[in-house]
Novice: 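Quick one: this structure, given as structure tokens, is what I'll be asking you about.
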2 protein chains.
Amino acid sequence: MSKDNVITQLSQVFRQYGYEGTSLSKISEATGLGRASLYHYFPKGKQEMAATVLDHIYSALEKDLLTPLQGDGKPADRIRAMCQTVREFYNSGRSSCFLDILSIGDAQTLFQSPIRRTLNAWLNTLTQVLSEAGLDPESARHQAENAIIQIQGALVLSRCLGNTDPFERVIENLPETLGMGSGE
Amino acid sequence: MSKDNVITQLSQVFRQYGYEGTSLSKISEATGLGRASLYHYFPKGKQEMAATVLDHIYSALEKDLLTPLQGDGKPADRIRAMCQTVREFYNSGRSSCFLDILSIGDAQTLFQSPIRRTLNAWLNTLTQVLSEAGLDPESARHQAENAIIQIQGALVLSRCLGNTDPFERVIENLPETLGMGSGE
DNA sequence: GTCTATAGTATGATAGAC
DNA sequence: GTCTATCATACTATAGAC
């Protein structure tokens, strides 16, 4: 069992149950490893597991979202590509966001710096793209925030209702919401 | 110590720590009651405590939000009143939403029906008001969803960033986002 | 109505065999 | 690298005194 494989399984448990709701027993069951075996990969225990997950999230964000967003296509095309990646990442609205989940309770204090780092990276990159598309700095920043607000809100609504329609609709309409319906 | 008083304290703990992150010790500390004393008010224990909180949320929503929304003023005025109530309820973005928090992990299964009941009541009432304002049924429903999506998303963003600005901005702009800037 | 005491279980973590 | 066995602690919940 490779560490990357373990982290992937780990992530799904944390994202579903949250930090305090995730027990080593649940992780043990999900990975097939005994509770004690997990300490081979994560000597500092549960806290290190969640921190590692957040680290992987940041890397994935950078690789699959931020780098493409900084590409050289039309801004509108890059935004559309982002929407597709976002849809896949959140499993069409069936999976929650780690940043939402891991910003609750004691986890908020424990992981606020990686959470803010990740969120700010996304916000800043989006702001830059929207600036390139012609928005003034303040509007660009606000629209970047609006995009993430809509994604997060749609995830919450879809989770509460047990229905992916709100998420799908938000993702579908996000490009034109940001003022890039078809052209640049 | 009245039961209503206990419920108020309870709510703050659940909303901050989530269902699994809330221990009877934390509740005991917040209320000043011994762990065992809590069973006098809630014989079925922790699960009944959270269920009671959700029940209170529903009542508060109905009384402070839905009834005013169904009043006889202009739709735009009623929406603006809702925004002010929402701002107070979420403590200007410093407090999380119970529906977000209690839809995670095992709590999702335990409380999905009161959560959906509450959310649908809000959505349906908002849809009705937006219909009165002249929107066709489909648009009214979508705009109602959009309002709640923006509120929930802004709460998540503000919580993650430790900054109430996004929430404040969303609430400020919500009326015009819904197409009722100043007039009808 | 609130308490002390405690039962029974689950938790995160460690030691050490293989 | 994975395991069994175990520790110390925290948890939810209950019994019963006052």
Side-chain angles (χ1 to χ4, degrees), chain A residues 1-56 98 101-112 114, chain B residues 1-56 98 101-112 114:
Chain A
M1 172 84 55
S2 77
K3 184 164 181 178
D4 261 27
N5 203 331
V6 173
I7 295 174
T8 304
Q9 311 279 28
L10 262 184
S11 306
Q12 301 312 314
V13 183
F14 276 117
R15 132 187 287 196
Q16 181 172 1
Y17 293 100
Y19 184 67
E20 331 218 34
T22 295
S23 63
L24 296 196
S25 305
K26 279 200 177 86
I27 296 177
S28 172
E29 194 181 356
T31 57
L33 264 60
R35 269 170 306 240
S37 306
L38 296 165
Y39 285 84
H40 169 71
Y41 299 97
F42 310 97
K44 282 182 290 190
K46 186 177 168 179
Q47 193 169 335
E48 188 181 1
M49 299 180 202
T52 305
V53 165
L54 278 170
D55 230 60
H56 256 244
F98 292 95
I101 295 289
L102 293 176
S103 62
I104 291 171
D106 293 331
Q108 184 173 27
T109 318
L110 288 172
F111 307 117
Q112 69 170 318
Chain B
M1 172 82 59
S2 77
K3 183 163 180 178
D4 260 28
N5 203 331
V6 173
I7 294 173
T8 304
Q9 310 280 30
L10 261 185
S11 306
Q12 301 312 315
V13 184
F14 276 118
R15 131 188 288 195
Q16 181 173 0
Y17 293 99
Y19 184 66
E20 330 218 32
T22 295
S23 64
L24 297 196
S25 306
K26 281 201 176 84
I27 295 176
S28 171
E29 194 181 356
T31 56
L33 266 60
R35 270 169 306 238
S37 307
L38 296 165
Y39 285 86
H40 168 70
Y41 300 97
F42 309 97
K44 281 182 289 188
K46 186 177 168 179
Q47 193 169 333
E48 187 181 2
M49 299 180 201
T52 305
V53 165
L54 278 170
D55 230 59
H56 257 243
F98 292 96
I101 296 288
L102 292 176
S103 62
I104 291 170
D106 293 330
Q108 184 173 27
T109 317
L110 289 173
F111 306 117
Q112 69 170 319

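Note on naming: letters A, B, ... go to the chains in the order of the sequence lines (proteins, then strands), and numbering restarts at 1 for each one. Small disclaimer: the values here were computed from a predicted structure and weren't measured.
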Novice: Of all residues at least two apart in sequence or in a different chain, which pass the ring-ring contact (aromatic ring centres under 6.0 Å, His included) check with B/Tyr39?
Specialist: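 B/Tyr39 satisfies ring-ring contact (aromatic ring centres under 6.0 Å, His included) with no residue once adjacent residues are dropped.
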
Novice: Is A/Thr22 touching bases, backbone alone, or none of the nucleic acid, heavy atoms closer than 4.0 Å?
Specialist: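 The answer is sugar-phosphate, as A/Thr22 gets under 4.0 Å only of primed atoms, P, OP1 or OP2.
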
Novice: Which is the 5'-most and which the 3'-most nucleotide of DNA chain C that has an atom under 4.0 Å from a heavy atom of chain A?
Specialist: C/dT11 to C/dA15

Novice: What integer distance in Å separates B/Gln47:CD from D/dC11:C1'?
Specialist: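 Atom-to-atom, B/Gln47 to D/dC11, this comes out as 16 Å.
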
Novice: Considering all heavy atoms of both residues, which atom of A/Glu20 and which atom of A/Ile104 are nearest to each other, and what is their separation?
Specialist: OE2-O, 4.5 Å

Novice: Starting from P on D/dC11, measure out to CG on B/Leu24 and report it in whole angstrom.
Specialist: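 For the pair B/Leu24 CG and D/dC11 P, the rounded distance is 8 Å.
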
Novice: Using only atom types and a distance under 3.5 Å, with no angle test, would you say the side chain of A/Ser28 pairs donor to acceptor with the backbone of A/Leu33?
Specialist: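 Yes, because the side chain of A/Ser28 sits within donor-acceptor range (under 3.5 Å) of the backbone of A/Leu33.
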
Novice: Within residues 30-37 of chain B, find the residues that approach DNA chain C with a heavy atom at under 4.0 Å, and present them sorted by residue number.
Specialist: B/Leu33, B/Gly34, B/Ala36, B/Ser37

Novice: Nearest whole Å is fine: how far is D/dA10 P from B/Lys46 NZ?
Specialist: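 Taking atom P of D/dA10 as the reference, NZ of B/Lys46 is at 16 Å.
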
Novice: By the salt bridge (Lys or Arg N to Asp or Glu O under 4.0 Å) test, which pairs, at least two apart or in different chains, include something from residues 23-48 of chain A?
Specialist: A/Lys26-B/Asp106

Novice: Aromatic rings A/Phe111 and A/Tyr19: how do their planes relate, parallel, tilted or perpendicular, breaks at 30° and 60°?
Specialist: perpendicular

Novice: D/dT4 P sits how many Å from A/Leu38 CG, rounded?
Specialist: 13 Å

Novice: Could you tell me how far apart A/Asp106 (CG) and D/dA10 (C1') are, to the nearest whole angstrom?
Specialist: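 About 13 Å, once rounded to whole Å.
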
Novice: Name all residues meeting the side chain to side chain donor-acceptor pair (under 3.5 Å) criterion together with B/Thr22; count only those two or more places apart in sequence or in a different chain, and write none if there are none.
Specialist: none

Novice: Please report, rounded to the nearest Å, how far the C1' atom of D/dA13 is from the CD atom of B/Glu48.
Specialist: 13 Å

Novice: Could you tell me which residues satisfy side chain to side chain donor-acceptor pair (under 3.5 Å) with B/Gln112, sequence neighbours excluded, listed by chain and number?
Specialist: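 In terms of side chain to side chain donor-acceptor pair (under 3.5 Å), with neighbours along the sequence ignored, B/Gln112 is linked to B/Arg116.
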
Novice: Per the side-chain contact (heavy atoms from CB on, under 4.5 Å) rule, which among B/Val13, B/Asn5, B/Val6, B/Ile7 passes with B/Gln9?
Specialist: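 Exactly one option meets the side-chain contact (heavy atoms from CB on, under 4.5 Å) with B/Gln9, and it is B/Asn5.
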
